[in-house]
Amino acid sequence: ARALARRHTDAAIEALAQVVREGKTDAARVAAAKELLDRGHGRAGQGGEGGAPDGGLVLARIVREIIDPKAVADDPDP
């Protein structure tokens, strides 16, 4: 079952990315962004190997970008 599910990884990631870009609500976009970031960077606040080394700063920036893209574009902090 795991091998069958992994065949759909690319499509699943693209579907999440599409929700981030085009989701109807902030909640949907934030949830999709969180899922992508958890898979790419580890969960925020996880210590040790596989955890987010930035303690969730990436997630915070993504959430801000979803809510107010102009504010993030003007923000010099990564």
Distance-minimising heavy-atom pair for [X] and [Y]:
X	Y	answer
Leu16	Glu35	CD1-CB, 4.0 Å
Ala32	Val19	CB-CG1, 3.6 Å
Lys24	Arg29	C-NH1, 3.8 Å

CA sep, side-chain torsions, deciding dist, call: Arg7, Leu4, side-chain contact (heavy atoms from CB on, under 4.5 Å): CA-CA 5 Å; Arg7 290 182 189 169; Leu4 290 172; 3.5 Å; yes
